[in-house]
Amino acid sequence: MEKIKMTTPLVEMDGDEMTRILWKMIKEELILPYVDLKTEYYDLGLAYRNETDDQVTMDSAQAAKKYGVAVKCATITPNAARMTEYNLKEMWKSPNGTIRAALDGTVFRAPIIVKGIEPCVKNWEKPITLARHAYGDVYKNTEIKVPGAGKAELVFTGEDGTEIRETIHTFSGPGILQGIHNTDRSIESFAKSCFNYALDTKQDLWFATKDTISKKYDHNFKDIFQEIFDAEYKERFDQAGIEYFYTLIDDAVARVMKAKGGFIWACKNYDGDVMSDMVSSAFGSLAMMTSVLVSPDGVYEYEAAHGTVQRHYYKHLKGEETSTNSVATIYAWTGALRKRGELDGIEELAAFADRLEKATVQTIESGKMTKDLALITSLKDVTVLNSEEFIKAIRETFEDIA
């Protein structure tokens, strides 16, 4: 078949460790044989981020703004151990956090539903979509390791010189400090993205924080959501027959466990990070979840929601066989290609993405899967494939689909 032509590049953000290996396999086996792929490539592997003083991450975010659609591989957010392993100049911040801050969007994550992979929570009948605020909180924090006794203060100095000062804590010995922030503008964008997505998908929207404890920070989120909803969205929600409500996050967790699914659960940045992993794992696997960052001005960045699969990478380096689930990374590519096709009016590209997703699901449902899925599937007599075999099996299924 003739390769599908593209007119506008995707922004391609390569990553780290085992997901970087899968990234190359997916391109070679599932995309390049069928698509005349155009990308603007950025290497977000930790070694190159360190070499460029993380400038490559900021450049990739600007490219995403320019072209409108990006696809990102999983990347390492370094800790102390990575400082030594990669001989880093400094402990670079999360590239996801940097990109999300630049785009000021909302991350929407939903499980990929496959027959034979039943949720651990038996009453979950429909997907639960996590809407995660993608700016601020611990991902843009400032931290201090307190050396000894002393007073820690939170100080804001206005442009006019006005000062607001609050004592955080009086230390009697060593400790730690963390400063986090957010902006009303970003919270407003988050709220509108969630309300619009709920209307687009005809799903109820839940929003949860801990405003009873965080009476200013979290309460500000709650107030902004409610003000925007009442002023701009209440009538539209009523007409669509869907509901918006706010609840405390501990109450939301209890409700989620008893719900049937089919709704959007909006969370602050860190809460959404944790809860999306919980929901995806309970639905089957961290590698079975879609993730897209949507900015207020219509930029889309598709990614795998899981990490770089470090343990499998070390096995791969030793020449040992791995059985790593590549589904979320495949869906990052299909999501980006579909959106590029939609924006550029290339129906064949969008149809290709649909077909590749269908082939991925059919391969698993036929009993061919990676080890992580074989351990939890209700299907009988399944075939466990290694990382490369699974991707090649998807290609075979893809070519069998009319």
Side-chain angles (χ1 to χ4, degrees), residues 3-16 19-20 22-45 56-57 59-75 95-96 98-100 102-103 105-112 129 132 134 193 197 200 287-306 326-361 391 394-395 398:
K3 289 188 180 183
I4 298 166
K5 303 296 183 183
M6 293 178 61
T7 54
T8 311
L10 289 175
V11 177
E12 179 184 352
M13 306 173 182
D14 210 344
D16 286 298
T19 46
R20 188 183 182 97
L22 297 176
W23 192 262
K24 185 172 183 288
M25 289 182 189
I26 290 165
K27 285 177 65 178
E28 291 178 351
E29 287 289 335
L30 301 179
I31 299 172
L32 292 175
Y34 312 103
V35 179
D36 185 13
L37 187 64
K38 293 182 183 298
T39 71
E40 184 161 311
Y41 178 87
Y42 292 86
D43 183 359
L44 299 194
V56 65
T57 306
D59 290 345
S60 72
Q62 294 306 311
K65 288 183 179 181
K66 176 181 178 181
Y67 291 107
V69 184
V71 57
K72 181 182 174 296
C73 184
T75 47
N96 288 338
T98 299
I99 294 165
R100 290 166 188 162
L103 300 183
T106 298
V107 178
F108 293 95
R109 290 179 171 169
I112 299 163
T129 300
R132 173 185 171 187
S193 294
Y197 197 82
D200 288 344
M288 298 291 288
M289 181 169 251
T290 63
S291 182
V292 57
L293 172 69
V294 184
S295 79
D297 52 355
V299 175
Y300 297 81
E301 184 245 318
Y302 295 83
E303 62 178 352
H306 56 72
S326 52
V327 172
T329 306
I330 292 170
Y331 271 66
W333 274 104
T334 55
L337 289 168
R338 181 186 295 107
K339 180 56 65 176
R340 184 77 279 160
E342 290 172 358
L343 294 177
D344 293 351
I346 305 173
E347 294 181 5
E348 298 88 349
L349 194 57
F352 167 81
D354 292 342
R355 182 176 165 188
L356 184 51
E357 288 181 3
K358 184 179 179 182
T360 303
V361 170
I391 290 171
I394 293 171
R395 180 172 178 177
F398 176 86

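Values in this document were obtained by computation on a predicted structure and should not be read as measured data.
Between Asp43 atom CG and Cys73 atom SG the span is 10.0 Å, to the nearest 0.5 Å. To the nearest 0.5 angstrom, Met288 atom CE is 7.0 Å from Tyr331 atom OH. Between the CZ atom in Phe352 and the CG atom in Leu349 there is a gap of 8.0 Å [rounded to 0.5 Å]. If you take CD1 on Ile31 and CG on Asp36, they are separated by 13.0 Å, rounding to the nearest 0.5 Å. In this structure, CD1 in Ile112 is found 6.0 Å from OG1 in Thr290, a value given to the nearest 0.5 Å. Annotation: the span from Lys24 atom NZ to Leu32 atom CG amounts to 10.0 Å, rounded to 0.5 Å.
Taking the side chain as every heavy atom from C-beta outward, Thr75 and Asp16 approach each other to under 4.5 Å. Side chains of Thr19 and His306 form a contact here, defined as non-hydrogen atoms less than 4.5 Å apart. Between Tyr197 and Thr129, the closest side-chain pair of non-hydrogen atoms falls below 4.5 Å.
Judged as a side-chain hydrogen bond (donor to acceptor under 3.5 Å, both in side chains), the pairs with a partner in residues 341-354 (not counting sequence neighbours) are, in order, Thr7-Asp344, Thr8-Asp344, Arg338-Asp354, Lys339-Glu342, Arg340-Asp344. Pairs passing the salt bridge (Lys or Arg N to Asp or Glu O under 4.0 Å) check and including a residue from residues 64-75, sequence neighbours excluded, do not occur.
Here the closest heavy-atom approach between residue Met6 and residue Val35 is recorded as SD-CG1, 3.9 Å. Across all their heavy atoms, Ala64 and Met13 have their closest contact at CB-CE, 4.3 Å. Across all non-hydrogen atoms, the minimal contact from Ala61 to Leu103 is O-CD2, 3.9 Å. Contact record, Leu44 with Thr57: CD2-CA, 3.8 Å, taken as the closest heavy-atom pair. Closest of all the heavy-atom pairs between Pro33 and Lys27 is CD-O, 4.0 Å. A pairwise comparison of heavy atoms in Leu293 and Gly105 identifies CD1-C, 3.6 Å as the closest pair.
Counting heavy atoms of neighbouring residues, nucleotides and ligands inside a 6.0 Å radius, atom NZ of Lys38 does not exceed 12 of them.
For Ala336, the side-chain contact (heavy atoms from CB on, under 4.5 Å) partners at least two apart in sequence or on another chain are Leu10, Val69, Val71, Tyr302. Scanning for side-chain contact (heavy atoms from CB on, under 4.5 Å) contacts around Ser291 gives Val107, Arg109, Glu303, Ala305, with sequence neighbours left out. For Trp23, the side chain to side chain donor-acceptor pair (under 3.5 Å) partners at least two apart in sequence or on another chain are Glu12. Scored by the side chain to side chain donor-acceptor pair (under 3.5 Å) test, Tyr34 finds Arg395, Glu399 as partners (sequence neighbours excluded).
At least one donor-acceptor pair closer than 3.5 Å links the side chain of Arg355 to the backbone N or O of Phe398. Judged by distance alone, with hydrogens and angles left aside, the side-chain atoms of Thr329 form no donor-acceptor pair with the main-chain N or O of Ala304 at under 3.5 Å.
Taking the centre of each ring, Phe108 and Tyr300 stay at or above the 6.0 Å mark.
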query = Under the side-chain contact (heavy atoms from CB on, under 4.5 Å) criterion, do Ile394 and Leu356 qualify, and how do the steps go?
reply = CA-CA 8 Å; Ile394 293 171; Leu356 184 51; 3.9 Å; yes

